[in-house]
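The structure under discussion appears below in the form of structure tokens.
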Number of protein chains: 2
Amino acid sequence: MAKRVTLAEVAAQAGVSPITVSRALRRPDTVQPETRARIDAAVTALGYVPDPAARALATGRSDVIGVLIPSATNAVFTDVLSGIYDRLAESRFDVQYGITRYDPGTEESLLGVFLRQRPAGLIVAGIDQTAAARRLLDRAGCPVVQVMEIGADPVDMMVGFSHHDAAAAATRHLIAQGYRRPGFLGARMDPRTRRRFAGFRAEAEAAGIFDADRCETTETPSNVGMGAALLRGLLERRPDTDAVFCNNDDLALGALFEAMRLGRAVPGDLGICGFNDLEMMRAAEPPITSVRTNRFEMGARAAEMIRARLEGKDPGPALVDLGSEVQARRSTEGPS
Amino acid sequence: MAKRVTLAEVAAQAGVSPITVSRALRRPDTVQPETRARIDAAVTALGYVPDPAARALATGRSDVIGVLIPSATNAVFTDVLSGIYDRLAESRFDVQYGITRYDPGTEESLLGVFLRQRPAGLIVAGIDQTAAARRLLDRAGCPVVQVMEIGADPVDMMVGFSHHDAAAAATRHLIAQGYRRPGFLGARMDPRTRRRFAGFRAEAEAAGIFDADRCETTETPSNVGMGAALLRGLLERRPDTDAVFCNNDDLALGALFEAMRLGRAVPGDLGICGFNDLEMMRAAEPPITSVRTNRFEMGARAAEMIRARLEGKDPGPALVDLGSEVQARRSTEGPS
DNA sequence: TTGTAAGCGTTATCAG
DNA sequence: CTGATAACGCTTACAA
């Protein structure tokens, strides 16, 4: 374990005082080019790297950008992470993640953990923080971006889309394709899922074809097997259901497999629409209609907005709607 | 932004010196129960939380446990992360992730980033570090666990399984089921993939049925669509192939869909075996045979081993083989 | 069992 | 443009 090279040693080597080295490193234009050159030489010669802890202690600010997401295994969030990471990888900032497990209380306490590090910025998923968490965010004293969703009353900045509208668009698509007895498959039923359900319901009601008995939901987490189980339950109760809007792509895939098992032709006997448009939707047989959401981009924009603020640049509008788009495929080509 | 409550303030409130508070917090048994009670009261009254930066500066050690993985979107690694997180969530340690993007150079430089924070521990995926990275790990001065794989010459501790043997077992399964012209589908071809291929090859050669022309691989990342493309390519060249061992479950799923499109019955015309045993394998139609690897457990064990070392407990054996297990399902029931 | 003194590596402040 | 001085909040000696 080689001992750390300090600012003082660099200073000695360059024949200047430590504070000058510090300045040369942080704001090169504030020191004479000639001394700066000597310092740079010393830095590389000695292999100096700053100590983040000492910096944090002296400035009362860390270079940590905290990210709070519900799950580290759900592709929806990992895509957002990739976007964040992409824009922060080459910067001086370190990303630190916290997993809330969809629990507002955990989110609240993780927020506390982050805040005590005086983060440079904060990215949180969603807009459903507890009142206490909201207060913490309001006083965070750093740029905050809420991602995944947009809504009224942002803490600071926001980048996402309307889950309600996205689901409504998918539902309109099903109706436009000729399906008249559509059902809804949903799992976990977290706030975003509920808003998607609301979008489905609103559109179905507008068309006069909403039927609460065609809505099969569960509080347990969603996966492919659950999609199959939900579809089976739905069809047992309402065998004449002719399409399903699935709350996510895992459910949709499970529904497809279950339809195969039941001998229901897709899309003729049953239309299937997913949500998120994971890559596998396109590769399935038949390819499955889904709603594309710009997850990577959401993370990337969030990171950019924080960086802009931190670096004194223009972060652009505080509220960014990245929208969504129905990707129509064969699985919803219409009833036969 | 409420100003920070310091140790000194707590000390004042409790009528003791700062160092006593520090001790009471870190090793409660070294202070008189009575003073400890006064201190605890003061801590809660003031809402004191320690400053990690100050602690790190004073001790030359942070509470960060660094985790290096190739990808944040691949379910294989996110499951490991979940395991790590599960065992560290309630501890004093903070997890910090770095994504290498399967690039040894990136891994090397991220290691540098972590090391300058003097991490409490390090978890790295795989055993294929560069020589320079290896040197850094050897001198890390903290517990190090290599996960996902086991091999000779561990840096410190290791928890994983043999990818070669796991693939060999899957291949034996295919042969035992009666398949005689098995092929291999592989993407990305990172070191772990190559070792799996070697396992397939060894077993196929032992049975005298290895055919290099039945091995369809690509350097590009794997996904479901790629599984379909690879299978198509393979069958064009070798239409009589009767089974495929897929390097991972995404490829297997894509192969299944492509088989449907081509009108090849699974398992009668084509046996399909995946790798990792993601949940969807069980839910597919037909259910797809795969190799179960204990990813969550790998992460959990790695975290436990580091904690044990850090807390002076017995970490158990330094090399843990969590094995793997072929989950036989209908997709490999045998040729018709 | 508790306290004193000193310092961890950096930066803010104010002089020069 | 550069430097001396004093923090930042905590912990490791060592002493009492």
Side-chain angles (χ1 to χ4, degrees), chain A residues 1-40 42-43 46-64 92 94 115-120 141, chain B residues 1-40 42-43 46-64 92 94 115-120 141:
Chain A
M1 188 72 196
K3 67 185 173 310
R4 175 174 286 284
V5 177
T6 72
L7 210 52
E9 303 177 53
V10 177
Q13 169 106 2
V16 296
S17 79
I19 186 63
T20 303
V21 177
S22 175
R23 273 196 282 255
L25 261 27
R26 285 175 303 150
R27 324 230 323 271
D29 50 304
T30 60
V31 321
Q32 206 118 29
E34 179 196 284
T35 47
R36 197 200 314 161
R38 283 215 313 287
I39 290 171
D40 287 348
V43 164
L46 266 36
Y48 168 77
V49 287
D51 180 336
R55 186 197 296 262
L57 184 57
T59 59
R61 238 329 130 228
S62 72
D63 282 343
V64 169
R92 68 186 172 91
D94 290 331
L115 252 18
R116 86 183 54 166
Q117 309 191 39
R118 312 227 181 185
Chain B
M1 188 70 197
K3 66 184 174 310
R4 172 173 288 284
V5 177
T6 72
L7 209 54
E9 302 177 55
V10 176
Q13 169 104 1
V16 295
S17 79
I19 186 62
T20 304
V21 178
S22 174
R23 274 196 280 256
L25 261 27
R26 285 174 303 147
R27 325 227 327 268
D29 49 304
T30 61
V31 321
Q32 206 119 28
E34 179 196 285
T35 48
R36 196 200 314 160
R38 283 214 314 286
I39 290 171
D40 287 348
V43 164
L46 266 35
Y48 169 76
V49 286
D51 180 336
R55 186 197 295 262
L57 184 56
T59 59
R61 241 322 135 229
S62 73
D63 282 343
V64 169
R92 68 187 173 90
D94 290 331
L115 251 19
R116 87 182 53 168
Q117 308 190 41
R118 312 229 179 184

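Lettering of chains follows the sequences in order, A, B, ..., and the numbering in each one begins at 1.
At the heavy-atom level, A/Pro18 lies nowhere under 4.0 Å from the strands shown.
Contact annotation: B/Ser22 side-chain N/O to D/dC10 OP1/OP2 distance is not under 4.0 Å. Here A/Thr20 does not reach the OP1 or OP2 of D/dT2: none of its side-chain N or O atoms lies under 4.0 Å away. OP1 or OP2 of C/dT2 lies within a sub-4.0 Å distance of a side-chain N or O belonging to B/Thr35.
In this structure, A/Leu57 places its CG atom 12 Å from P of C/dA12, rounding to the nearest Å. Spacing between atom CD of B/Gln32 and atom P of C/dT1 amounts to 7 Å, rounded to whole angstrom units. In this entry the distance linking CZ of A/Arg118 with P of C/dT11 reads 16 Å, nearest Å. Rounded to whole Å, the distance from CZ on B/Arg26 to P on D/dG9 is 17 Å. When rounded to the nearest whole Å, the span between CZ of B/Arg36 and C1' of C/dT2 equals 14 Å. Between A/Leu7 atom CG and D/dC8 atom C1' there is a gap of 16 Å when expressed in whole angstrom units. Following rounding to the nearest Å, B/Leu25 (CG) and C/dT1 (C1') show an atom-to-atom distance of 17 Å. In this structure, A/Leu46 places its CG atom 15 Å from C1' of C/dG9, rounding to the nearest Å.
Judged by closest nucleotide on DNA chain C, B/Val16 is the one of B/Thr59 and B/Val16 placed further toward the 5' end. Toward the 5' end of DNA chain D, the nearer of the two residues A/Thr30 and B/Ile19, judged by each one's closest nucleotide, is A/Thr30. Ranked by how close their nearest DNA chain C nucleotide is to the 5' end, B/Val31 and A/Asp51 are led by B/Val31.
Remark: the backbone N or O of B/Ala14 is paired with a side-chain donor or acceptor of B/Arg38 at under 3.5 angstrom. Judged by distance alone, the side chain of B/Arg61 and the main-chain N or O of B/Arg118 form a donor-acceptor pair under 3.5 Å. With A/Thr59 contributing its side chain and A/Arg55 its backbone, the two residues share a donor-acceptor pair below 3.5 Å.
When the options A/Thr6, A/Thr35, A/Leu7 are evaluated for a side-chain contact (heavy atoms from CB on, under 4.5 Å) with A/Val21, the one that passes is A/Leu7.
Heavy-atom minimum distance, A/Asp29 versus A/Arg36: CA-NH2, 4.5 Å.
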